[in-house]
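The next block holds one structure in the form of structure tokens; read it before the comments.
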Amino acid sequence: MSESKPQNPRITWEGCSVLLDINDGDRLVFARLSPSSTIKIGNKKCCLSPLIGCPFGSLFQVETGLKGPYLLRLSATEAAESDHLKEKDDSQPSEGTKDNRSLIDNNKAQSLSSEDIDAMRREGATGDQIIEALIANSSTFEKKTLFSQEKYRLRKQKKYAPRVLLRRPFARSICEAYFKKHPARIGFMRVDALSLLLSLANVSAYSDALVVDMVGGVVTGSVAERLGGTGHVCNTYFGVTPYPMDIVRIFNFNDQICGRIMQTPVADLCSNQENKNELFISHENASSLEIQPDADERSLLTTCILSDDAILEVQSVQEEISSDSLVKSGSISETFLSSGNGTLDHMDVDTCSTESLDVINEENASPVLKTCKSVKPGRRASPEAIKLWKENGFTSLIIAAPDLDTWKIVEELLPLLSYSAPFAIYHQYLQPLATCLHNLQTAKMAVGLQISEPWLREYQVLPCRTHPFMQMSAFGGYILSGVRICSNKTSHQS
Amino acid sequence: MSFLSPHGNKSVEATKQKVQGVALGFKRLITPRCCSREKYTEAAYLVYNTRLKAVKVCDGSELQNRFGVFKHSDWIGKPFGSRVLSNKGGFVYLLAPTPELWTLVLSHRTQILYIADISFVVSYLEIIPGCVVLESGTGSGSLTTSLARAVAPSGHVYTFDFHEQRAASAREDFGRIGLSSFVTVGIRDIQGEGFPDEFCGAADSVFLDLPQPWLAIPSAGNVLKQDGILCSFSPCIEQVQRSCESLRTHFTDIRTFEVLLRTYEVREGRMNCGGDNEGASPGSRPSKRRLPSSSEGSNRKETKGGSVMARPCGETRGLWCLMTKERVKAGDIHQKEVVLGLGVNVKNMILLDLVVVEI
């Protein structure tokens with residue numbers, strides 16, 4: 001529960017969130033490590049406990065022991081050896097000596113039957129031994145080119161000795177994993193588009209970033225990662241219900257960073273813009289007593305539903321709940337319920353049964369262990385913070401709201417930026433951004449306006465086999481960027 | 001610090017008394033409102049040359065360009081983002097510097113990395129505040145400023161170049177834009193000598209932009225922490241190929257990427273269904289109306305019923321950027337990453353007349 005205590009971020013700990021890369025990117029799974037969490041690979045269910053305390057970057061192989069399948073960490077030398085094997089092949093590519101003219105697809109090349117393989121398994125053969133046996137019994141293996149021999153070996157290895165790579169969940173890896181598995185949940189935002197947003201909006205330590213994040217929290221989390229526990233991310237929303245930002249929890253943020261992630265309705269930020277002095281103070285002070293416990297309570301309620309472990313904390317909070325906030329509890333639970341589906345969504349990863357491993361699973365609402373922290377991301381911003389933002393303006397604005405009218409949002413939020421502050425707006429479609437750019441130009445609200453579209457292609461680079469990957473993402477989204485300027489219309493800032 | 005939080009409390013206060021640090025002046029199309037007809041014509045011509053310039057603001061200095069003479073003393077005390085006028089009524093905008101703007105105005109001592117590559121590299125290197133990052137070569141320092149922004153306030157960028165004068169100029173630049181406390185520029189031939197021993201196992205990420213990166217790769221493996229990431233950026237596929245071969249003995253998870261950025265121009269056009277496409281309607285003269293998306297559209301405000309259209313800029317070229325990712329084998333398993341890239345000039349960048357200000 002005290003994840004805030006200093007620890008090596010490069011070594012896993014109990015309760016930490018990890019990204020598991022199974023068979024070299026074939027499957028990507030977010031999991032939370034606990035002694036009881038498991039992962040299902042093929043038809044084998046393995047306990048994740050051996051991963052606790054291992055450095056990120058460690059490689060594991062599924063082996064079958066007396067008590068069933070388990071994950072065995074490959075030592076550096078073992079991993080190196082298997083790579084070295086490949087490398088020997090690579091170093092002497094013999095082109096053109098063999099080809100596939102004599103290969104006939106009659107399903108008779110392999111003389112080992114599935115019964116034979118099962119028998120080997122029962123006798124305790126390792127995955128590697130099975131692979132060797134398969135190769136030995138393949139009548140066509142020797143006729144294959146070195147390249148296709150390597151492919152064959154790799155294919156068998158994935159099936160009989162699957163490997164799991166332990167990765168740090170970072171903005172980059174999280175975005176990549178989502179883009180691969182559930183692109184719609186992050187609004188089809190590719191990792192290069194996300195990187196551009198962060199750069200173009202000049203997000204850095206001590207930024208006060210205003211974010212409209214309707215892409216599951218990937219933007220909020222990435223901004224918080226760049227802030228590193230300084231500045232603020234103000235995740236703002238239209239209406240009364242905050243947008244879900246569950247992806248934020250996949251990042252292993254400590255209390256300090258979580259405390260920098262605020263959620264605030266646009267109405268609070270925009271209220272009293274003209275007469276911000278007395279009106280603002282009196283109004284905000286009056287409501288602050290209510291708002292604060294409200295936010296805390298809500299997050300703890302979430303915790304209590306998610307986790308039995310949190311009961312103690314919830315009790316203590318209930319004592320704090322004032323009558324004022326009890327009045328509000330109706331709306332609180334409503335808020336929770338409406339965002340609840342999203343919240344439970346992928347927090348159950350630690351149970352890791354079957355499907356639950358594939359990045360996210362929808363329905364499995366099992367309890368989460370060890371996720372309750374003393375500070376939850378997404379507190380309601382304090383009146384002091386709001387006041388500060390109103391006085392100084394935000395230093396960056398990032399909008400990723402595919403479902404809202406881009407120009408309307410910009411029109412409303414741009415005045416909240418300080419002068420000369422950059423903004424970056426993501427959209428899947430070009431037209432809303434084009435309209436927005438045109439309107440910004442006409443209204444002289446910004447300079448340096450540009451719409452750009454990132455383009456990304458991955459390559460396979462191997463001796464004699466360098467080529468672009470066949471599958472590439474055709475589209476990564478559009479970004480409108482610019483710099484707010486001091487225009488006459490909004491010259492209320494001095 | 002002005003670079004990092006140009007709008008933070010301190011900077012805002014500072015700007016009230018004196019403009020501090022760097023300001024970018026953004027020359028814009030002069031509108032008919034603020035000058036005579038002749039000047040308007042001249043200004044319209046200049047739309048194509050909209051430029052950004054870094055200016056050092058000193059009380060008593062002046063900025064002179066074809067829009068007139070701008071007195072720095074008029075700027076002092078104004079917030080960033082202000083429009084300031086010249087003696088002739090022309091204007092520039094004073095912008096606070098960001099690494100993105102700096103990339104557009106810095107003096108090119110070498111081929112530089114642009115925004116698409118920079119943002120991708122910073123993301124893939126997984127640089128967060130507090131990281132220690134090694135870079136070679138420094139070049140013009142285009143990437144370095146973004147690296148520094150990402151590691152601040154507690155991290156540090158150590159950047160090396162074998163060219164003494166280039167390193168000195170870069171050091172001077174970093175001082176000018178307030179990054180000295182986050183960047184150390186060293187003079188060293190990383191290809192020949194490798195990174196200094198004192199960095200052994202100390203770096204979170206390493207970035208290489210060298211003609212023969214494979215020579216520096218073993219040293220990069222030594223300086224990286226376990227699970228650290230290496231990016232190598234190369235313009236030629238042969239360099240990438242050779243680097244990958246070398247990487248395979250030291251690293252794992254090697255990935256190679258090409259990154260490009262396509263920009264779009266937006267204009268309001270009138271979809272004519274016959275008839276009135278003569279003269280007054282600016283939308284009917286696309287050759288004159290073709291403005292880079294950064295330029296001002298005020299002179300088209302009378303166009304009614306036009307629709308806003310966007311299309312890719314014809315000349316836009318991006319950068320080839322190949323990127324690779326890996327893990328080290330020796331000792332504990334490390335994870336590292338490499339970006340290799342092919343650099344091509346981006347022609348379509350908005351060039352600005354830049355201005356820097358110092359107290």
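Below, chains carry the letters A, B, ... as their sequence lines are ordered, and counting in each starts from 1.
Residues that satisfy the salt bridge (Lys or Arg N to Asp or Glu O under 4.0 Å) test with A:Glu453, not counting sequence neighbours, are B:Arg262. Taking A:Phe423 as the reference, nothing meets the ring-ring contact (aromatic ring centres under 6.0 Å, His included) condition, with sequence neighbours excluded.
Between B:Ile128 and A:Glu225, the shortest heavy-atom contact is CG2-CG, 3.4 Å. Taking all atoms of both residues into account, the shortest heavy-atom contact from B:Arg248 to A:Pro463 is NH1-CD, 3.7 Å. Heavy atoms only, all atoms of each residue included: B:Pro153 and A:Ala205 are closest at CD-CB, 3.4 Å. Heavy-atom minimum distance, B:Asp227 versus A:Gly57: OD1-CA, 3.5 Å.
Expressed to the nearest 0.5 Å, how far CD1 of B:Ile115 lies from OG of A:Ser199 amounts to 4.5 Å. For the atom pair OG (A:Ser173) and CD (B:Glu126), the distance works out to 5.5 Å, reported to the nearest 0.5 Å. Separating the OH atom in B:Tyr124 from the CD atom in A:Glu176 is a distance of 3.0 Å, to the nearest 0.5 Å. Atom-to-atom distance recorded for B:Glu245:CD and A:Leu462:CG is 9.0 Å, nearest 0.5 angstrom. Distance check, rounded to the nearest 0.5 Å: CG of B:Leu94 to OH of A:Tyr419 gives 13.5 Å.
Side-chain atoms of A:Tyr459 and B:Gln241 include no donor-acceptor pair closer than 3.5 Å. No hydrogens or angles considered: nothing links the side chains of A:Gln450 and B:Thr263 as a donor-acceptor pair under 3.5 Å. B:Ser123 and A:Ser195 share a donor-acceptor pair across their side chains, judged by distance under 3.5 Å alone.
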Run the side-chain contact (heavy atoms from CB on, under 4.5 Å) test on A:Thr466 and B:Val240 for me, step by step, so that the C-alpha distance in whole Å, both residues' side-chain angles and the decisive distance to 0.1 Å come before the verdict. CA-CA 10 Å; A:Thr466 295; B:Val240 173; over 6 Å; no

Apply side-chain contact (heavy atoms from CB on, under 4.5 Å) to residues B:Leu261 and A:Leu196 and explain how you reach the verdict. CA-CA 10 Å; B:Leu261 194 67; A:Leu196 268 171; 3.4 Å; yes

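Interface remark: A:Gln460 contributes no atoms to any contact with chain B (heavy atom separation under 4.5 Å). With a threshold of 4.5 angstrom between heavy atoms, A:Leu200 approaches chain B through its backbone and through its side chain.
In terms of heavy-atom pairs under 4.5 Å with chain B, the best-connected choice from A:Ala434, A:Ser481, A:Gly229 is A:Ala434. The most heavy-atom pairs under 4.5 Å with chain B, out of A:Leu430, A:Asp192, A:Val483, A:Thr435, come from A:Leu430.
Each of A:Leu437, A:Leu449, A:Leu433, A:Leu480 was compared with B:Val266 under the side-chain contact (heavy atoms from CB on, under 4.5 Å) criterion, and only A:Leu437 meets it.
A distance-only check finds no donor-acceptor pair linking the side chain of A:Arg484 to the backbone of B:Gly81 [under 3.5 Å]. A:Ser204 places no side-chain N or O within donor-acceptor distance of the main-chain N or O of B:Arg149, the cut-off being under 3.5 Å.
Residues B:Leu95 and A:Val447 have side chains in contact (heavy-atom distance under 4.5 Å, counting atoms from C-beta outward).
In this structure, A:Arg457 does not pair ionically with B:Glu258, as no charged nitrogen and carboxylate oxygen lie closer than 4.0 Å.
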